[in-house]
Novice: 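I'd like to ask some things about the structure below.
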Number of protein chains: 2
Amino acid sequence: MQASEVEWTDIEKKIARTAFDKAYEREVKALLKQVQEQANKLVDVGELWRLHDFLSAKRHDIEGKYDYQYSVLLFVFAGLVKEGWLHLNELQGLDQDKLSKVAVLSRM
Amino acid sequence: MQASEVEWTDIEKKIARTAFDKAYEREVKALLKQVQEQANKLVDVGELWRLHDFLSAKRHDIEGKYDYQYSVLLFVFAGLVKEGWLHLNELQGLDQDKLSKVAVLSRM
């Protein structure tokens with residue numbers, strides 16, 4: 001698949017942006033909750049540094065993953081579907097070819 | 001002052017170790033509390049990354065600061081007194097020359 005050659009209509013761009021933002025919001029909300037739970041259970045400095053390591057990894061992951069460029073967006077969506085932050089049906093309205101590609105990639 | 005030439009008796013070493021551990025315990029306990037308070041107030045990802053930055057800086061600071069080597073210990077104690085993690089009277093039992101040096105350095 002030459003993802004960079006995929007064309008997006010204005011309607012598809014709007015659907016894509018909404019889905020992208022929704023996935024980001026979900027993942028960040030879950031992360032905030034997880035950090036709060038971990039923080040409230042902290043009893044020693046070793047656990048605090050583990051929380052710090054966890055945050056370092058998550059920040060790197062999230063900042064790299066949410067890359068809103070049309071040339072890579074189908075791959076981004078596939079990853080988000082695979083991880084559970086996005087449902088395929090939230091991409092309804094994209095053309096069938098794009099939906100199929102995301103579905104296939106998300107199962108790889 | 002040639003701190004590296006300072007000699008420590010066994011009794012002084014015991015006092016020093018106790019004071020050092022006490023300061024560490026205090027600072028870490030305060031940090032855990034601060035992180036828990038900040039975590040519980042998190043409302044968005046920007047604040048989460050600020051908490052991460054804060055933890056990165058604190059970890060670097062603490063891991064560098066608590067250096068238990070007799071050659072630098074008077075400087076370490078002076079810093080801890082200055083920051084409020086150690087009280088001068090918790091070093092009672094060290095010889096007067098060491099106590100004076102810590103007191104002077106802690107006001108610098």
Side-chain angles (χ1 to χ4, degrees), chain A residues 16-69 72-73 75-87 90, chain B residues 16-69 72-73 75-87 90:
Chain A
R17 186 77 236 184
T18 301
F20 183 93
D21 291 344
K22 188 72 189 168
Y24 183 77
E25 187 190 322
R26 278 194 193 113
E27 180 160 7
V28 161
K29 191 176 171 186
L31 178 60
L32 288 176
K33 187 166 177 283
Q34 190 176 0
V35 168
Q36 287 170 335
E37 287 172 356
Q38 288 188 25
N40 284 322
K41 287 190 285 189
L42 291 174
V43 294
D44 63 40
V45 73
E47 290 179 2
L48 181 61
W49 298 157
R50 277 192 289 282
L51 175 60
H52 176 247
D53 290 338
F54 169 77
L55 272 177
S56 299
K58 276 289 177 188
R59 187 175 189 172
H60 184 265
D61 172 52
I62 288 177
E63 290 185 342
K65 186 164 64 183
Y66 286 88
D67 182 6
Y68 196 83
Q69 296 185 65
V72 296
L73 206 48
F75 295 98
V76 173
F77 283 152
L80 294 174
V81 169
K82 188 171 189 171
E83 294 178 3
W85 302 117
L86 189 65
H87 305 290
E90 293 175 301
Chain B
R17 185 77 237 186
T18 300
F20 182 92
D21 290 345
K22 188 73 190 168
Y24 183 77
E25 185 191 324
R26 279 193 193 113
E27 181 161 7
V28 161
K29 191 175 171 187
L31 178 59
L32 288 175
K33 186 166 179 284
Q34 191 176 0
V35 168
Q36 287 170 334
E37 287 171 355
Q38 288 189 26
N40 285 321
K41 286 189 286 187
L42 290 174
V43 293
D44 64 39
V45 72
E47 290 179 1
L48 181 61
W49 299 156
R50 277 193 290 281
L51 175 59
H52 176 246
D53 290 338
F54 168 77
L55 272 177
S56 300
K58 275 290 178 185
R59 187 174 188 173
H60 184 265
D61 173 50
I62 287 177
E63 290 185 344
K65 187 165 63 183
Y66 286 89
D67 182 8
Y68 196 84
Q69 296 184 64
V72 296
L73 206 47
F75 295 99
V76 173
F77 283 152
L80 294 173
V81 168
K82 190 172 187 171
E83 293 177 5
W85 303 117
L86 188 66
H87 305 290
E90 292 175 300

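Please read these numbers as outputs of a predicted model, since none were measured by experiment. Naming: A, B, ... by sequence-line order, numbering from 1 per chain.
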Novice: Can you pull the salt bridge (Lys or Arg N to Asp or Glu O under 4.0 Å) pairs that have at least one residue in residues 40-57 of chain B, sequence neighbours excluded?
Specialist: A:Arg59-B:Asp53
Novice: At a 4.5 Å cut-off on heavy atoms, which part of B:Glu63 comes close to chain A: side chain, backbone, both, or neither?
Specialist: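 For B:Glu63, the side chain is the part near chain A, not the backbone.
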Novice: State, to 0.1 Å, how close B:Ser56 and A:His52 come at their nearest heavy-atom pair, and which atoms those are.
Specialist: OG-NE2, 2.8 Å
Novice: If you round to the nearest 0.5 Å, how far is CG of B:Leu48 from CG of A:Leu55?
Specialist: 5.0 Å
Novice: Rounded to the nearest 0.5 Å, how far apart are CG of A:Leu51 and CG of B:Leu32?
Specialist: 10.0 Å
Novice: Go through B:Leu31, B:Val28, B:Asn40 and name the one with the most non-hydrogen pairs under 4.5 angstrom from chain A.
Specialist: B:Asn40
Novice: Examine whether an atom of B:Val45 lies under 4.5 Å from a heavy atom of chain A, and if so say whether it belongs to the side chain, the backbone or both; otherwise answer neither.
Specialist: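 Contact with chain A involves both backbone and side-chain atoms of B:Val45.
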